[in-house]
Structures are given as structure tokens and as C-alpha cells.
There are 4 protein chains.
Amino acid sequence: MPTKKKPQVTGAAPARRRELLRTAAEVFAEQGYNATTVRTIADQAGMLAGSLYYHFDSKESMLEEILHTFLDELWDGYDAVLEAGLGPRGTLQALVTESFKEIDRHRAAVAIYQKESRQLAAQERFAFLAESQSKFEKAWLTTLERGVADRVFRDDLDVRLTYRFVRDTVWVAASWYRPGGQHSPEEIARQYLSMVLDGIAVRE
Amino acid sequence: MPTKKKPQVTGAAPARRRELLRTAAEVFAEQGYNATTVRTIADQAGMLAGSLYYHFDSKESMLEEILHTFLDELWDGYDAVLEAGLGPRGTLQALVTESFKEIDRHRAAVAIYQKESRQLAAQERFAFLAESQSKFEKAWLTTLERGVADRVFRDDLDVRLTYRFVRDTVWVAASWYRPGGQHSPEEIARQYLSMVLDGIAVRE
Amino acid sequence: MPTKKKPQVTGAAPARRRELLRTAAEVFAEQGYNATTVRTIADQAGMLAGSLYYHFDSKESMLEEILHTFLDELWDGYDAVLEAGLGPRGTLQALVTESFKEIDRHRAAVAIYQKESRQLAAQERFAFLAESQSKFEKAWLTTLERGVADRVFRDDLDVRLTYRFVRDTVWVAASWYRPGGQHSPEEIARQYLSMVLDGIAVRE
Amino acid sequence: MPTKKKPQVTGAAPARRRELLRTAAEVFAEQGYNATTVRTIADQAGMLAGSLYYHFDSKESMLEEILHTFLDELWDGYDAVLEAGLGPRGTLQALVTESFKEIDRHRAAVAIYQKESRQLAAQERFAFLAESQSKFEKAWLTTLERGVADRVFRDDLDVRLTYRFVRDTVWVAASWYRPGGQHSPEEIARQYLSMVLDGIAVRE
DNA sequence: GATGAATGAGAATTCATTCAT
DNA sequence: GATGAATGAATTCTCATTCAT
């Protein structure tokens, strides 16, 4: 993350910054990035629109930092899972669980990611989104394929299609999940895994 | 659909209208409604921005008509399924299949719906989105609950959560589905249903 | 000059464009480019600030077009002089005379050039200013050096310094010259040449 | 120079002030007054923008002080010349020489003066610029006219035009002069005077 | 003397929309 | 049906300036 003239990411007193980013993320998630005006963010933060520019270069750089921070943390979790050598089924379970935990902690960022990443990824500045996306895809496909090879997962399903369904369902949950609601992330993960692994039909 | 001063919906030359709406839908889907300028649509249609206003009241009315048309057709299909008395499992299968078919025919509209409906639904003008949404929810919940009661679907899953997962996965497919690609809508539906009904894990 | 989406330089109906550019040039010359707001230009042109953007991409592109147009015309004149084979003294006279004529026709553009070109030349977009500058320098230096070689100009003067003095004096005239004032450009050129060639001191 | 609330001009630590003004002058000269932000000056001085306001009332007051200081010193020199009773030719030579010396010492201030004085002079605060200008004009015109009367200068040249040419050429040198370059101010003055007095053409 | 965080008044620019032709 | 030219409101961003600490 670049530092130019403004204090950006200086490490010193990132408290206000982080607070402002939380506010911005909330608004972006709710109204969409384009539909959000900096004035709305500033209002929400109790300051004037221009004042935001003391802390950030631009509206876009806020977005970038929100997504970057989120993906950094996400991959900390994913990498730990992937290096744990859990076997295909265990890995899948851990990835899903980890994902719902991230949704719990970064609901707004996930919602933004979900809605905007396709368009953003085309911009150089947001190339990291595309990178993350393909790393993500590789991790999932590998896991699914190993599972099929190990006869843990069915081999009559199209792995790529399955990947897409799983990927989307997990993340789209950010659009309805409310932290502190009736279901904990772990509970949601359990239910989701049960559905995806064993299906919703009763076995005879 | 309202008529004000302009010939709108006059029945005369609805061909051009429909063509323009298709163009608009494509652009809305690709760039997002807010990020789309009427000029982009007009460029795509080979005319000047101002000229669109001969055909439509506003950018918003284009959006409305796109979504309305789509939902009308969607419910034609759904209603037929729901009235066919297929039983819970059959209904679920038919609803999913119908959905993928709609994605095939109205990919752009579905993508727009997916991305914008939450925000739009708050506006009076787009109240029909909320209506459709709740009708949709009722249909699905009823189907799932009847399935549980009939011991066709597992009763250890939270019906509401299951509904959300199924709902989202189906529609989110619009974001990656390309008509004329390798998978037909029927094939995608079959794969999806297989996963959701029986799970991806191998049964012992 | 690039054409993207806007009618720019389309050749069709350049009347309004040219008029607007004249207005803009006048204001830029009077207040300085940075100190000029697009609103001022628009006011002067009897329209709203935003309306200017129907005709031009940006304030900067107005500036660019003003300077480019001016330099194009200027070099038409200079090239004709340089190719006429007039000999050093004749060439110098013709260049000076041509310059004052250009000041007469493009007073505003010359004033802008004079004041802003140094800063602008650093920007890629205004690289043509630097090019013109060095072409200009080459033409003058060559003329002066040939004059010295031919014993038409004194050889005890530093050619480079002389060039600078001559160059600046000519152009700086744009800051006080008023078209239609008491002195015609030809008269000014004659006086200036008399001073530079023969000096202001009385010969004994 | 006014004192309001801040210690300004207190005599205490005028060193820092002078240093800051030198820095500001440098930046103003390079980027233009309007295009210069107080932050750039502060950066250059190793402090934050707000801190400048401990030393100065405003950006404008920095500019005023820079120009005032320069003109005060300039007139010290000019007045000495004008009172020395050197005769028209000697006076002209001394004025030019003095001017190039001032450019050597106050390059930045001269460059600023050259670029901004016309606009500034309109403001009440900068009325001293106009005063200086007219005093300057009077001194030159008187000298030239006396020279013509004494048959030291040619009488077939328009005195006013000659004045303008001389005035501009001298000052515009600030735009290319670099202190410590190959030519000393005295050398430049000599060359310039030789050109203006005797012309660049070879005498037969 | 200096910092950090803000203010507030513009600035350029965008864009949906209008309307005479 | 369409064009060309404009409107006007909103938007992002800039920057001189203030002030408590």
C-alpha cells in the first residue's frame, strides 16, 4: 500500500482511520460504492466531506484499503487452513467455516467485494482482487479434485460447476447475514456444510 | 406501467423499444445501473443520449421496464410450476430448472435484479420487487416445509437458512452464466439439483 | 489532436467552438490560466459552466487547443520565411516582422504562451511546446551564426545571449500590445529592428 | 507592513522568517503563485502547512513581503544611480547594470514580479507595485528623452516603444538567468548594453 | 513553535434531462 | 424520430486557513 504525502497507514494513530474506514465500508455495503457520496460517509462520521481528504486520498482509495485489509486477513485464515493438511473433506469444511467467520467479522467488506469486485478487477489498482480470485479458485478446485480422486467426493459432478455454486453461496450470505443475529457463523457453516455434503433429501 | 406524455408503450413500433431495452439491460448488467450513463446506452444503440427520451421517460423507467418484463415472465413460469401439484421434490426440481431457464433467457435482467434489487425495493416505484421477493420466499418456504412434513427433505436443517442458500445460489449463477456456453440451462439445473438434493459427499 | 466521443474538431460547425476558444483565450490571457475558472469563461460566453463540457473535454484541453492552433499558424509563417532564402539580415527582419504580426492576430494566445509555457512544457500533453521552442531556438541561432559568419552581424556578441534577448523582447510585446492601437505591427517591427540592428546610440 | 496578532516582524528570530520567505519565493517563482499551495512551501521548509501561519498571516502576505522587500532594495540601487548625475548614456548603463545585479540577487522575486505583477497591481494591497512601475517608467522615459535632447540617443525612435523593449528585455532575463552560471551579471549587462546601444549589425 | 485534525468555500467535472429545430 | 446545444444539480476533490493541544 503506497504512502505519498498524507499520513496514510503510518501506523501512528490508525484509530481514526480505521473508524472512518469502518463507517465507509458500512455505507458502501448498504448503498453501493457508486451510489455512495463522500458526503454521506462524512455525515455518518460527523465531519465535512472535505475533511475526509485529510485522511484519505480519494473515495477510491478508501475502497481499496477496505478490500485490501479484508483480503489480507482472509488469506491469513485460508493459508493456515490450506497448510494444515486436513484432507479434502476436512479442508472443505475448514474453508467454509473460515469463510463464514470472515463474513462475521467483515460483513461490509464482503458485501462490497461481492457486489463490486467484478467491475473493479479490471482496473490496475484493483488487480489484487483478480489475483485473490484466482488463488481462491485454485485452492477450491484442488481440494475438490483431490476429494474426487480420494473417492471422498462424488465423481459424477462437474468440479467447476460445483466450485462456482459453493463459492457463491458462501459469499452471498454476506448480503443477509447480520452479526449478532440468531445464527452464529459456526452454526451457519455447520448447516451449510451439511447441505452441501449430504444434500437436503432424506436418504432411504 | 404508467404513460405520461410521450407515445410510450403505444403498441406502435414496440420492436425498437424492445431492442433499446435489450441494449440498456446489457449495459446495466455489465457496468451496474448507477455507473451506466444514458450516453453509453445511446452510443451502443447508435443514437444520441437525448434521443432516448423520445422512447423513454427516464433512465429509471428503462430499468423499471426491464425488471418488470423479466419478473412478469418469470412468474408465468413459476405459477405454472406451483399450480402443477408436483409434490415437494418435484416442485423444487421444477422451480430450479425454471430458474436456470430464465437466467438463460434474461441473463442481463437477472444480473441487474441480483445486484440492484435490494436498494431499489425501498423506492415506491419498485415496490413490485419486494412483492415478488416475498411471493418467491413464500413459495419456496412452503415447498421446503411440505417436503419436511412429507419426510422427503431432512428435518434437521433450518428451513430458512436452506431457503436462502438455495435462492442465492440459483440467481447468482447469472453472474457467470454465458448463454451458448458449454452447459445448457437444463444441464446446470441437473448438476445443481444433484448437489443440493444428495450432497457432494460419497455415500457409504 | 485526439477525437474521442465528443464532436471536437469535427470540422462541422467549428464556429461555436472557435468563438468559445477565443473567449477562453481572452480570459486566460487576462487572469492567468490557473486563476481562471471555467465559470468565468462560461459567464463570458453567456452559458453555464457545465455547458462548456459539451464542447470541450476539460479546461486543459481548451488551453491545449488554443496553444496548438496558435503554434500551427505561427510555424506556417516561420517556415515560409525560413525557406525563402533571404540571407541572415533579411531572415532576421522577416522573423521579427512575422512575430509581431502573429502577436497582432493571436495576442491572447501569445500572452498565454509567454506566461504558462515553461510550466506546461513539462507535461506530456504539452510536449509540443518544448518541440516548438527548440525548433525556434535552432532557427534563430542558425540565422544569427550565419550572419556572424557572413560578417553581417557583429562577432563580439554572445550569440546565445543575443538570441535570448531578441526572443524575449519580441514575445513579451504581447503583454502590452493592443490590436488597433497607435502602432501597427509592421511599425513596431520596424522600430524594434532598427533598435536591435543599429542600436539606440547616435553614431559619430 | 501590518502587525495583527501574531508576533510577525517582531525582530525576534527574523532569520527563520527570511529563510521561509526565500523558500516561498523559490516555489512561487517555479510554479507560479496560484499554482503553489502552502503545503508545498511547508514541505520544502520541513514543516506542516498549518505551522506557516505562526510566521505569516496568509499566503498573500508572504507574497507581499517578498515583493516589497525586493522593490525596496531595488529602489535603493536605482535611486543611487538616478541621483548620481551620470548623464543619459551613463544613467542608462548604470540602470541596466543595476537591474542585472538585482536579478542576480533576487532572481525568484523578479520572476514572480514579472509573472504576477500585472494582476496583483489591481489589488489595493499591492498598489505599491503600480507605484513602483510608474516611478520606473518615469525614470526611464526621462533618461531616454534627455538622451535624445542631448543628441546621445537617436531621435527617430519612438521613446515609449524603446522604453518598453528595454524594460522587458532586462526583466525577462530573470526567467533564464541562473546565478552562478557562465555569465556574471556584469557580463550580461555589458553584452546587453552593447546590443541595445550599438546594435547587432556590423557598421560599414 | 509546531502538529494534527478539521473547516468551508470553491474548483472542475459529470450527467440525466429538456427542447427548439 | 433524431440532433445539437444547453441546463442545473450534484459530485469529487482542493486548499487556505483555524485552533486546541
Side-chain angles (χ1 to χ4, degrees), chain A residues 6-7 10 12-13 16-17 20 34-42 45-62, chain B residues 5-7 12-13 16-17 20 34-42 45-62, chain C residues 6-7 10 12-13 16-17 20 34-42 45-62, chain D residues 5-7 12-13 16-17 20 34-42 45-62:
Chain A
K6 308 256 176 105
T10 352
R16 192 88 179 98
R17 268 182 89 70
L20 290 172
N34 281 302
T36 299
T37 72
V38 291
R39 226 187 120 237
T40 306
I41 301 173
M47 51 169 52
L48 292 178
S51 307
L52 282 174
Y53 290 80
Y54 177 77
H55 301 277
F56 304 97
D57 277 347
S58 63
K59 182 182 159 188
E60 206 183 57
S61 81
M62 289 187 232
Chain B
K5 345 167 176 182
K6 306 264 173 95
R16 191 91 178 98
R17 264 182 91 72
L20 289 172
N34 281 300
T36 298
T37 71
V38 289
R39 224 186 97 202
T40 305
I41 300 171
M47 53 171 52
L48 290 179
S51 309
L52 283 174
Y53 288 79
Y54 178 81
H55 302 277
F56 304 96
D57 276 349
S58 65
K59 182 182 163 188
E60 208 182 53
S61 80
M62 289 187 234
Chain C
K6 308 257 178 103
T10 352
R16 192 87 178 98
R17 268 183 88 71
L20 290 172
N34 280 302
T36 299
T37 72
V38 290
R39 226 187 120 238
T40 307
I41 300 172
M47 50 168 52
L48 292 178
S51 307
L52 282 174
Y53 289 81
Y54 177 77
H55 301 277
F56 304 97
D57 277 346
S58 63
K59 182 182 161 189
E60 207 183 56
S61 80
M62 288 186 233
Chain D
K5 346 167 176 181
K6 307 262 174 97
R16 190 91 178 97
R17 263 183 92 71
L20 289 172
N34 281 301
T36 298
T37 71
V38 288
R39 223 185 99 205
T40 305
I41 300 171
M47 52 170 54
L48 290 179
S51 308
L52 282 174
Y53 288 79
Y54 179 79
H55 302 278
F56 303 97
D57 276 349
S58 65
K59 182 183 163 188
E60 208 182 54
S61 80
M62 289 187 233

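Note that this is a predicted model, so its numbers are computed, not measured. To find a chain, count down the sequence lines: A is the first, B the second, and so on, and within it residues start at 1.
D/T37 meets the side chain to side chain donor-acceptor pair (under 3.5 Å) test with D/T40; sequence neighbours excluded. In this structure, the side-chain contact (heavy atoms from CB on, under 4.5 Å) partners of C/T36, at least two apart in sequence or on a different chain, are C/V27, C/F28, C/Q31, C/I41.
In terms of heavy-atom proximity, A/A35 sits nearest to B/N34 at CB-ND2, 3.6 Å. Between D/Y53 and D/K59, the closest heavy-atom pair is OH-N, 4.3 Å.
In this structure, CG of C/D57 is placed 15 Å from C1' of E/dC15, rounded to the nearest angstrom. In this structure, CZ of C/R39 is placed 15 Å from C1' of E/dT13, rounded to the nearest angstrom. We find that NZ of D/K59 is positioned 15 Å from P of F/dT14, with the value rounded to whole Å. If you take CZ of A/F56 and P of F/dT12, they are 15 Å apart, rounded to a whole angstrom.
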Could you go over nucleotides 6-10 of chain F and give all protein N or O partners under 3.5 Å, atom names and distances?
unit_1, atom_1, unit_2, atom_2, d
F/dA6, OP1, C/R16, NE, 3.2
F/dA6, OP1, C/R16, NH2, 3.3
F/dA6, OP2, C/H55, NE2, 2.6
F/dT7, OP2, C/L48, N, 2.9
F/dT7, OP2, C/S51, OG, 2.7

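Positionally, the nearest nucleotide of DNA chain E for C/N34 lies more toward the 5' end than for the other of C/N34 and B/T36.
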For B/M47 and B/H55, what are the C-alpha separation, side-chain angles and deciding distance, and is it a side-chain contact (heavy atoms from CB on, under 4.5 Å)? CA-CA 12 Å; B/M47 53 171 52; B/H55 302 277; 4.1 Å; yes

Walk me through it: do A/L52 and A/M62 pass the test side-chain contact (heavy atoms from CB on, under 4.5 Å)? CA-CA 10 Å; A/L52 282 174; A/M62 289 187 232; 4.0 Å; yes

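Helical stems involving DNA chain E, defined as 3 or more consecutive Watson-Crick or G-U pairs under 3.5 Å, span E:2-21 with F:2-21.
In this structure, the separation between OH on D/Y54 and CZ on D/R16 is 12.0 Å, given to the nearest 0.5 Å.
OP1 and OP2 of E/dT18 both lie 4.0 Å or more from every side-chain N or O belonging to B/Y53.
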